[in-house]
Amino acid sequence: MTELSFIHRFVPATKPGRPPLLLLHGTGGNEDDLLPLGKIIAPGSALLSPRGKILENGMPRFFRRLAEGVFDEADVRMRANQLADFIGEARAAYELDAPVAVGFSNGANIAAAMLMLRPEVLAGAALLRAMVPLSEPPKADLTGKLVLMISGQLDPIIPTDNAEQLAAQLTAAGALVNHKVLPTGHGLSQQDLSLTQSWLTNV
Ligand code: MLT
């Protein structure tokens, strides 16, 4: 494994012409978690899957939180910038185009923060169970950037209006946001996979 600034897994593309996926796990996950999902939703695409550097009671995350749904926003900013730097390193090391982020839960939240802080590093993003990561986001230019958000109507962690607020922030910055709300909870469903798979064919 190449020595880059995040522990990660990289799976090279087997099909040319598709953007790589940046797979971002949820709390307690790791770099292996989303590889099977990546292979299902984007067969043949390169997969880049880092492990979050924060440990919360032994569980990897991408940034610190003070409580469930209450984020240490200074840490969110620092960690989003570190992850954006890692994407640059990985692109150079593996000769990759800008990736499309596919993040779940905490991974979706760091992807949303990166969109606002370092929009140039991502070609687009699928945010599965995301919430607002920054209460006062900087003015980002996301003109034309494709973003899929999939929320769960019954999600006990993320109130629907919070997800709607994130969709509104991204739209106000110029992103083309497709926000779906499924009749499900925080966990991913088969429908998440099929919606993400078909959305990816247009990115
Ligand atoms: C977060 O901390 O990013 C969200 O509360 C989702 C989670 O990871 O539980």
Side-chain angles (χ1 to χ4, degrees), residues 6-9 21-38 49-84 86-87 99-119 121-122 125-138 140 147-170 175 177 179-189 191-193 195-196:
F6 276 67
I7 294 169
H8 66 282
R9 292 281 303 268
L21 297 192
L22 174 75
L23 299 170
L24 300 169
H25 63 78
T27 301
N30 65 31
E31 65 278 18
D32 293 323
D33 268 23
L34 296 179
L35 294 175
L37 174 142
S49 186
R51 184 197 302 177
K53 286 179 187 253
I54 297 294
L55 278 182
E56 182 186 275
N57 303 321
M59 295 186 297
R61 288 176 51 82
F62 286 97
F63 58 82
R64 262 178 242 290
R65 64 179 166 185
L66 309 173
E68 194 171 273
V70 185
F71 300 151
D72 175 342
E73 294 199 17
D75 195 63
V76 173
R77 286 170 189 266
M78 184 183 82
R79 302 291 170 185
N81 277 303
Q82 283 184 344
L83 188 57
F86 163 74
I87 294 170
V100 176
V102 176
F104 167 62
S105 190
N106 182 245
N109 296 340
I110 195 78
M114 265 197 300
L115 277 174
M116 287 159 175
L117 294 162
R118 300 277 295 274
V121 303
L122 297 176
L127 308 176
L128 312 177
R129 309 298 184 274
M131 58 192 292
V132 172
L134 294 168
S135 49
E136 289 173 22
V147 177
L148 173 68
M149 283 183 61
I150 310 182
S151 305
Q153 204 166 20
L154 310 171
D155 191 328
I157 299 174
I158 306 170
T160 314
D161 61 347
N162 186 299
E164 274 160 10
Q165 195 188 332
L166 175 60
Q169 285 178 352
L170 295 168
V177 180
H179 186 198
K180 305 243 183 261
V181 182
L182 303 181
T184 184
H186 196 68
L188 295 180
S189 66
Q191 227 184 328
D192 286 281
L193 302 195
L195 286 169
T196 307

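Since the model is a prediction, treat every value here as computed from it, not as a measurement. In each ligand, atom 1 is the first atom listed, and ligand 1 is the first ligand listed. Just so you know, residue 1 is the first one in the sequence shown, and it goes up from there.
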With sequence neighbours left out, the residues meeting side-chain contact (heavy atoms from CB on, under 4.5 Å) with Ala112 are Leu127, Pro133, Leu166
Measure and list all N/O to N/O distances between ligand 1 and the protein that fall under 3.5 angstrom.
residue	atom	partner	partner atom	Å
ligand 1	2 (O)	Arg61	NH1	2.8
ligand 1	2 (O)	Arg61	NH2	2.9
ligand 1	2 (O)	Arg65	NH1	3.1
ligand 1	3 (O)	Asn106	ND2	2.9
ligand 1	3 (O)	Asn109	ND2	2.8
ligand 1	5 (O)	Arg65	NH1	3.3
ligand 1	8 (O)	Thr27	OG1	2.5
ligand 1	8 (O)	Arg61	NH1	3.4
ligand 1	8 (O)	Ser105	OG	3.3
ligand 1	8 (O)	Asn106	N	3.4
ligand 1	9 (O)	Arg65	NH1	3.1

For the pair Asp192 (side chain) and Ser189 (backbone), establish whether a donor and an acceptor sit closer than 3.5 Å, ignoring hydrogens and angles.
-> yes
So, Arg118 side chain and Gln82 main chain: donor-acceptor pair closer than 3.5 Å or not?
-> no
Keeping to residues at least two apart or across chains, list the side-chain hydrogen bond (donor to acceptor under 3.5 Å, both in side chains) pairs with something in residues 155-168.
-> Asp155-His186
Who passes salt bridge (charged side-chain N to carboxylate O under 4.0 Å, His left out) against Glu73, sequence neighbours left out?
-> none
Going by distance alone, is a donor N or O of one side chain under 3.5 Å from an acceptor N or O of the other, for Arg61 and Thr27?
-> yes
